[in-house]
Amino acid sequence: MIEINLIQLRDWARECGVIALKHFRHAVVTQKADRSFVTAADIEIEQLLVARFREYYPDCGIIGEEQTRIGLDREFVWAIDPIDGTGAFVNGLPIWGISIGLLHHGQPFLGVFYMPVPDELYWSEPDGNAFFNGEPINVIEPRKWDTEDWIAIPSNSHRRYSIDFIGKARSFGSSVADLCFVARGSALGAILTRCAIWDLTAGLAILAAAGGSYQGLSGELP
C-alpha cells in the first residue's frame, strides 16, 4: 500500500492556489477542440504537480486535464484538474479550485481540493474522515426535505433536465466544489454532467469519506 503525505499534498494545493491567483481576473484564455477554456494557469499548475508527483510518487500513474497521461495502467493513478471551474475562473467568479485526486484500481481513494478565493481547503483520508479547513465534515443526515434545502446543478441544466424538487437549485461552475458542498452538509445533493475522471476523483473521495454516496443518472455506479 502506498504512503501518502497529506500535509505535503495540502501544501502543494495551496502553492498552486497562489499561482492561480496571480492569473485570476486577467487570465490569458484559449479554447480547446471541445470549446472548453484553458488558461496559462491551468498549464503552469499541471506542470508543477506532474513534476512533484514524478519526484515523490514515481510508481504512480498520472492523468491530468491538460493532456498528461503517464502509467494509466498502474495500481495508483493521480488525477489532476489544475483549475476545476475554469469558466468561473475566466469570468472572475470565486468558485473554482485546484483538484488533486488519487485512484486505486480505478476507484476514488483520496482527494484534496483548495479554493483560493474563499480560502477553503477540503480533503479526505484513505479509509478515514473528510475535513473542511481542519474540521471533520459529514453529509446531511436523511430527513424530510423542505423548501430551504438546496441542490447543486450544472449551468446547462435548463437545457438538459426537467427538475422537480421542493427546495432550491444553485449553479456554481465547479463539479468538485459541488461535491464538497454536499460533503460538508451544506447542499442536500448535486447533479453532475459531462465529467471526466479528473473532474470527479477528488470530490467523490471526499464525499464518500463524509458519508455520502453517488450513482449515475442511469441508476448505475459510474
Side-chain angles (χ1 to χ4, degrees), residues 13 16 20 31-39 41-43 45-46 49 61-69 72 76-91 93-115 120 122-124 130 139 150-163 165 169-184 186-210 212-222:
C16 292
Q31 282 190 311
K32 294 183 279 190
D34 63 0
R35 300 188 62 78
S36 62
F37 293 131
V38 62
T39 72
D42 291 276
I43 302 300
I45 290 169
E46 184 159 319
L49 289 173
I62 311 171
I63 185 168
E65 182 176 16
E66 307 312 327
Q67 304 306 312
T68 301
R69 305 288 188 272
L72 301 187
F76 289 93
V77 177
W78 293 102
I80 304 167
D81 193 341
I83 296 182
D84 185 72
T86 305
F89 178 84
V90 166
N91 285 286
L93 302 175
I95 305 301
W96 51 269
I98 293 85
S99 180
I100 302 171
L102 182 62
L103 295 158
H104 182 221
H105 293 307
Q107 297 300 311
F109 183 71
L110 65 78
V112 174
F113 181 60
Y114 179 55
M115 290 194 288
E120 295 188 358
Y122 300 84
W123 73 90
S124 66
V139 297
W150 64 276
I151 59 172
I153 61 173
S155 58
N156 62 0
S157 292
H158 59 293
R159 297 198 305 267
R160 299 176 65 91
Y161 306 113
S162 175
I163 299 174
F165 174 60
R170 296 187 169 105
S171 178
F172 297 101
S174 164
S175 59
V176 186
D178 290 347
L179 292 168
C180 288
F181 294 151
V182 179
R184 77 181 199 193
S186 179
L188 189 65
I191 298 172
L192 307 179
T193 58
R194 298 176 62 86
C195 290
I197 193 65
W198 48 80
D199 297 312
L200 293 172
T201 301
L204 291 181
I206 294 166
L207 177 66
S213 61
Y214 53 90
Q215 65 181 29
L217 291 176
S218 66
E220 299 178 355
L221 290 175

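For clarity, every value in this text was computed on a predicted model and none was experimentally measured.
You'll find the side chain of Ile63 reaches within 4.5 Å of the side chain of Arg69, heavy atoms only.
Ala177 meets the side-chain contact (heavy atoms from CB on, under 4.5 Å) test with Ile95, Phe113, Met115, Ser174, Phe181; sequence neighbours excluded. Partners of Ala41 by side-chain contact (heavy atoms from CB on, under 4.5 Å), not counting sequence neighbours, listed by chain and number: His23, Thr39, Ile83, Phe89. Taking Pro154 as the reference, Asn156, Ser157, Ile191, Thr193 meet the side-chain contact (heavy atoms from CB on, under 4.5 Å) condition, with sequence neighbours excluded.
Judged by distance alone, with hydrogens and angles left aside, the side-chain atoms of Asp178 form no donor-acceptor pair with the main-chain N or O of Ala190 at under 3.5 Å. Panel note: side chain Ser171, backbone Ile153; a donor-acceptor pair is recorded below 3.5 Å. With hydrogens and angles disregarded, no donor-acceptor distance shorter than 3.5 Å links the side chain of Thr86 to the backbone of Val38.
In this structure, the separation between CG on Asp81 and SG on Cys195 is 9.5 Å, given to the nearest 0.5 Å. From Ile62, atom CD1 reaches atom CG of Leu49 across 9.0 Å, with rounding to the nearest 0.5 Å.
Of all non-hydrogen atoms in Glu46 and Ile80, the two that sit nearest each other are OE1-O, 4.4 Å. Counting all heavy atoms, side chain and backbone alike, Glu120 lies closest to Arg184 at OE1-NH1, 3.3 Å.
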Under 3.5 Å, sequence neighbours excluded: what are the donor-acceptor pairs made by side chains of residues 198-208?
residue : atom : partner : partner atom : Å
Asp199  : OD2  : Ala196  : N            : 2.7
Thr201  : OG1  : Ile197  : O            : 2.8

